[in-house]
Amino acid sequence: GQQVMQIPQYQHVQEGEDFTTYCNSSTTLSNIQWYKQRPGGHPVFLIQLVKSGEVKKQKRLTFQFGEAKKNSSLHITATQTTDVGTYFCAGLRNKLSFGAGTTVTVRA
Amino acid sequence: DGGITQSPKYLFRKEGQNVTLSCEQNLNHDAMYWYRQDPGQGLRLIYYSQIVNDFQKGDIAEGYSVSREKKESFPLTVTSAQKNPTAFYLCASTPDRIYGYTFGSGTRLTVV
């Protein structure tokens, strides 16, 4: 069945540093979505990528969809304490499948 | 403001009791979903409904039941058949599955 794998599971980052989280699917996707869940909160939709090789930016966040539409990445530059939380990717084929998430903590 | 309301926020129940979690949306979305989240894990789909009076089982439907009598409402019942019901339950909606989902604030269910 459709599976979406996300790595790393945990990311401990020094404030001001960059990091990247990766998402890989076993099958070609129609689109990929990214969500952020703050500690104690609920997932909030960030962005959706649809086209092969698509790159979108939201301030310090850069999202990329792979050429084969099987993988995606989220890169955060100059990490801030407000970036703390769990970032989920979710790939759509016949249904939307969520990865297990990357939980980000920030050292001030 | 449009959104999804889940209630209650916290729920405690004794083992063997059925419990119903409420989910109401005023976004006029056709599709609604129930997910379960366990610590350190992703979201697992329990049930979903793409239209009123119709719903489908997700990946972990055993021990759960739903109804969709109104477009705005998609309640989830956790039955005594669910072996490990303690979890964080999230309801979501979307106008169409090709768009991003809007999530409610969730219900934390603890069964003792």
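Residue numbers begin at 1 in each chain, while the letters A, B, ... track the order of the sequences. Scope of the values below: all heavy atoms of this structure, side chains included, with no hydrogens, waters or symmetry mates. Note that the structure is a prediction, hence the values are computed from the model and not measured.
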Transitive ILVMFWY cluster of Val52(B) at side-chain heavy atoms under 4.5 Å: who else is in it?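 Grouped by the 4.5 Å side-chain rule, Val52(B) forms a cluster of one, so the answer is none.
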
Does a side-chain heavy-atom distance below 4.5 Å link Phe88(A) with Leu43(B)?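 Result yes, sub-4.5 Å side-chain heavy-atom pair found.
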
Please determine whether the number of non-hydrogen atoms from other residues, nucleotides or ligands lying under 6.0 Å from atom CD1 of Ile98(B) exceeds 12.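 More than 12 heavy atoms, drawn from other residues, nucleotides or ligands, come within 6.0 Å of this atom.
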
Is there a path from [X] to [Y] through hydrophobic residues (I, L, V, M, F, W, Y) whose side chains come within less than 4.5 Å of each other?
X	Y	answer
Ile60(B)	Phe98(A)	no
Leu96(A)	Leu90(B)	yes
Leu76(B)	Phe55(B)	yes
Val19(B)	Phe88(B)	no

Please list every donor-acceptor pair closer than 3.5 Å that links chain B with chain A, giving the two atom names and the distance for each.
from	atom 1	to	atom 2	distance (Å)
Gln37(B)	OE1	Gln37(A)	NE2	3.0
Gln37(B)	NE2	Gln37(A)	OE1	2.9
Asp59(B)	OD1	Lys95(A)	NZ	2.5
Asp59(B)	OD2	Lys95(A)	NZ	3.0
Arg97(B)	NH1	Arg93(A)	O	3.2
Arg97(B)	NH1	Asn94(A)	O	2.8
Ile98(B)	O	Asn31(A)	ND2	3.4
Ile98(B)	O	Gln48(A)	NE2	3.1
Tyr99(B)	O	Gln33(A)	NE2	3.2
Tyr101(B)	N	Tyr35(A)	OH	2.8

